[in-house]
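One structure is given below, encoded as C-alpha cells.
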Amino acid sequence: MYEDIKQKAYEANMLLHKYGIAPFTWGNASECDREKKVFAIKPSGVPYEELSPEQMVIVDFNGNKVEGGLSPSSDTATHAVLYSVFPDIGGVVHTHSVNAVAFAQAGAPIPALGTTHADFCYGFVPCTRELSKAEVEGEYEKNTGLVIAEYFKNTATDENAVPAVLVKSHGPFSWGKDAKTAAYNAAVLEIVAEMAIKTASLGKDDSPIPQHLLDKHYLRKHGKNAYYGQKKN
C-alpha cells in the first residue's frame, strides 16, 4: 500500500550516504503522501549499509506509527510538524553535515555570498533560536519542528524560496517537493556552508551578494519565468 513512498524515502536516505553528509547513522529522510496523510521515514539507528525499502516506517502527520516492524527515526516528530505547517513540501531531510552544523553551533545564519548560494536559496539560510529547557525536557523533537515553524511564521519567510534552516546548537533541516529534492537541498546546503566558511577565512570582502544578482540567479532557476535547463514538452 505504501511501497511507492517507502522506495522514494529509501532512495533519498541512500543519497545522503552517497553525498557524504550523513556519516554513521546521523541523518534521515522522509517522503510523504498528502492524500493519505502519511510519510515514510528511515528507521532509527539502522546503518545505511543495512537499509532496504521494506524497512522504511510509515507514520501519520501526528507522528503515530502506521506500518513497519522497526521504530521510526528519533526525529520523526520534527518531520511530522514540518509536513503539517508547510503544505507544499513532499520530502524532509535532517543531517549533521559538518559545515552546516558549524553554523548551527555558532547560532549563525549562512550568508548568501555568491551565485552558487543564490541558485539554491533566496537569501541567507536562517538559524532558529535555541530551544528552552522546558522545550528540551518536554516533547523535544516536536518542539524542534515548532521552533522551525515559529521562525518562518514570525519572519514571514517563504519556505519554498528558503528550503532549509539551521536549528541552534543542533543542525540543518531541509525540504523540497519530494525526498530526493530535499536530499539535494541538504547536499547543496553543506556546499554553500563550506564556501561561506572558506570565504570568511580569507579575511577579504564577505559582504552578501548584491540583491540584483541574487534575484537574477534565483529567478532564472525558480518560478514561472525560469529559463535554466531544458524545457519540458
Side-chain angles (χ1 to χ4, degrees), residues 1-17 22 25-48 50-96 128 131-132 134-154 157-160 162-167 170-186:
M1 183 177 182
Y2 302 111
E3 280 67 29
D4 182 53
I5 60 172
K6 283 183 177 182
Q7 181 65 35
K8 289 177 179 177
Y10 165 75
E11 291 174 0
N13 277 288
M14 296 311 291
L15 283 175
L16 302 184
H17 190 53
T25 60
W26 302 353
N28 45 73
S30 67
E31 171 95 17
C32 87
D33 182 326
R34 289 209 169 265
E35 284 191 9
K36 296 184 175 70
K37 295 184 178 180
V38 297
F39 58 95
I41 192 166
K42 179 182 178 288
S44 180
V46 177
Y48 290 96
E50 298 175 12
L51 277 183
S52 68
E54 295 75 24
Q55 291 175 317
M56 299 298 109
V57 185
I58 303 298
V59 182
D60 67 22
F61 286 2
N62 292 316
N64 301 309
K65 187 164 77 168
V66 174
E67 179 182 294
L70 299 174
S71 298
S73 166
S74 58
D75 295 302
T76 293
T78 309
H79 290 238
V81 170
L82 296 181
Y83 285 126
S84 296
V85 300
F86 295 159
D88 297 329
I89 68 173
V92 174
V93 160
H94 172 52
T95 76
H96 286 260
T128 71
L131 275 72
S132 69
E135 287 169 328
V136 171
E137 293 179 349
E139 296 182 89
Y140 172 58
E141 290 81 7
K142 179 180 180 180
N143 289 330
T144 298
L146 292 175
V147 163
I148 295 171
E150 172 190 276
Y151 177 89
F152 279 78
K153 179 181 179 180
N154 289 348
T157 301
D158 180 357
E159 70 274 6
N160 297 307
V162 181
V165 70
L166 308 172
V167 176
H170 188 171
F173 288 81
S174 61
W175 46 82
K177 65 180 181 179
D178 51 31
K180 181 179 180 180
T181 303
Y184 169 83
N185 287 337

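The first residue of the sequence shown is numbered 1, and numbering continues consecutively from there.
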Side-chain heavy atoms of [X] within contact of [Y], under 4.5 Å:
{"X": "Val147", "Y": "Glu135", "result": "yes"}
{"X": "Val165", "Y": "Pro172", "result": "no"}
{"X": "Lys153", "Y": "Val85", "result": "no"}
{"X": "Phe39", "Y": "Ile58", "result": "no"}
{"X": "Phe61", "Y": "Arg34", "result": "yes"}
{"X": "Val66", "Y": "Val59", "result": "no"}
{"X": "Asn143", "Y": "Val136", "result": "no"}

Side-chain ([X]) to main-chain ([Y]) donor-acceptor, under 3.5 angstrom:
{"X": "Gln55", "Y": "Ser52", "value": "yes"}
{"X": "Lys42", "Y": "Val46", "value": "yes"}
{"X": "Asn64", "Y": "Asp60", "value": "no"}

Could you pull out the closest heavy-atom pair between [X] and [Y], with the gap in Å?
{"X": "Thr78", "Y": "Phe173", "answer": "CG2-CE2, 3.6 Å"}
{"X": "Thr25", "Y": "Gly45", "answer": "CG2-O, 3.7 Å"}
{"X": "Thr128", "Y": "Val167", "answer": "OG1-CA, 3.4 Å"}
{"X": "Gly27", "Y": "Asn13", "answer": "O-OD1, 4.5 Å"}
{"X": "Ala182", "Y": "Gly176", "answer": "CB-N, 3.9 Å"}
{"X": "Pro87", "Y": "Glu159", "answer": "CD-OE2, 4.1 Å"}

Could you pull out all residues at least two apart from [X] that satisfy ring pair (Phe, Tyr, Trp, His ring centres under 6.0 Å)?
{"X": "Tyr184", "answer": "none"}
{"X": "Tyr10", "answer": "none"}
{"X": "His17", "answer": "Tyr48"}

Reported [atom1]-to-[atom2] distance for the pair [X] and [Y], which is rounded to 0.5 angstrom:
{"X": "Asp178", "Y": "Ile5", "atom1": "CG", "atom2": "CD1", "value": "12.5 Å"}
{"X": "Asp75", "Y": "Leu82", "atom1": "CG", "atom2": "CG", "value": "10.5 Å"}
{"X": "Trp175", "Y": "Phe86", "atom1": "CH2", "atom2": "CZ", "value": "4.5 Å"}
{"X": "Leu16", "Y": "Ser174", "atom1": "CG", "atom2": "OG", "value": "8.0 Å"}
{"X": "Asn28", "Y": "Ser44", "atom1": "CG", "atom2": "OG", "value": "9.0 Å"}
{"X": "Glu54", "Y": "Leu70", "atom1": "CD", "atom2": "CG", "value": "11.5 Å"}

Using 4.0 Å as the upper bound for N to carboxylate O, is an ion pair formed by Glu67 and Lys6?
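A salt bridge links Lys6 with Glu67.
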
Decide yes or no on side chain to side chain contact (heavy atoms under 4.5 Å, CB included) for Lys180 and Leu15, but give the supporting numbers first.
CA-CA 8 Å; Lys180 181 179 180 180; Leu15 283 175; 4.0 Å; yes

Measure the acute angle between the ring planes of His96 and His94, then classify it against the limits of 30° and 60° as parallel, tilted or perpendicular.
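Taking His94 first and then His96, their aromatic rings stand perpendicular (interplane angle over 60°).
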
By salt bridge (charged side-chain N to carboxylate O under 4.0 Å, His left out), which residues pair with [X], not counting sequence neighbours?
{"X": "Glu150", "answer": "Arg129"}
{"X": "Lys36", "answer": "Asp33"}
{"X": "Asp4", "answer": "Lys8"}

Criterion side-chain hydrogen bond (donor to acceptor under 3.5 Å, both in side chains) on Thr144 and Glu141, from CA distance to verdict
CA-CA 5 Å; Thr144 298; Glu141 290 81 7; over 6 Å; no

Step-by-step side chain to side chain contact (heavy atoms under 4.5 Å, CB included) determination, Ile89 to Tyr83
CA-CA 7 Å; Ile89 68 173; Tyr83 285 126; 4.0 Å; yes

Give a yes or no on this: more than 12 heavy atoms of other residues, nucleotides or ligands lie within 6.0 Å of atom NZ of Lys142.
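For Lys142, atom NZ is not crowded (no more than 12 foreign heavy atoms under 6.0 Å).
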
Could you walk me through whether Asn185 and Val93 pass side chain to side chain contact (heavy atoms under 4.5 Å, CB included), step by step?
CA-CA 9 Å; Asn185 287 337; Val93 160; over 6 Å; no

State whether a side-chain donor-acceptor pair under 3.5 Å links Glu3 with Gln7.
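There is no such pair (donor and acceptor under 3.5 Å, judged by atom type) between the side chains of Glu3 and Gln7.
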
Applying side chain to side chain donor-acceptor pair (under 3.5 Å) between His79 and each of Ser84, Ser30, Ser73, report the one that passes.
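When side chain to side chain donor-acceptor pair (under 3.5 Å) is applied between His79 and each of Ser84, Ser30, Ser73, only Ser30 qualifies.
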
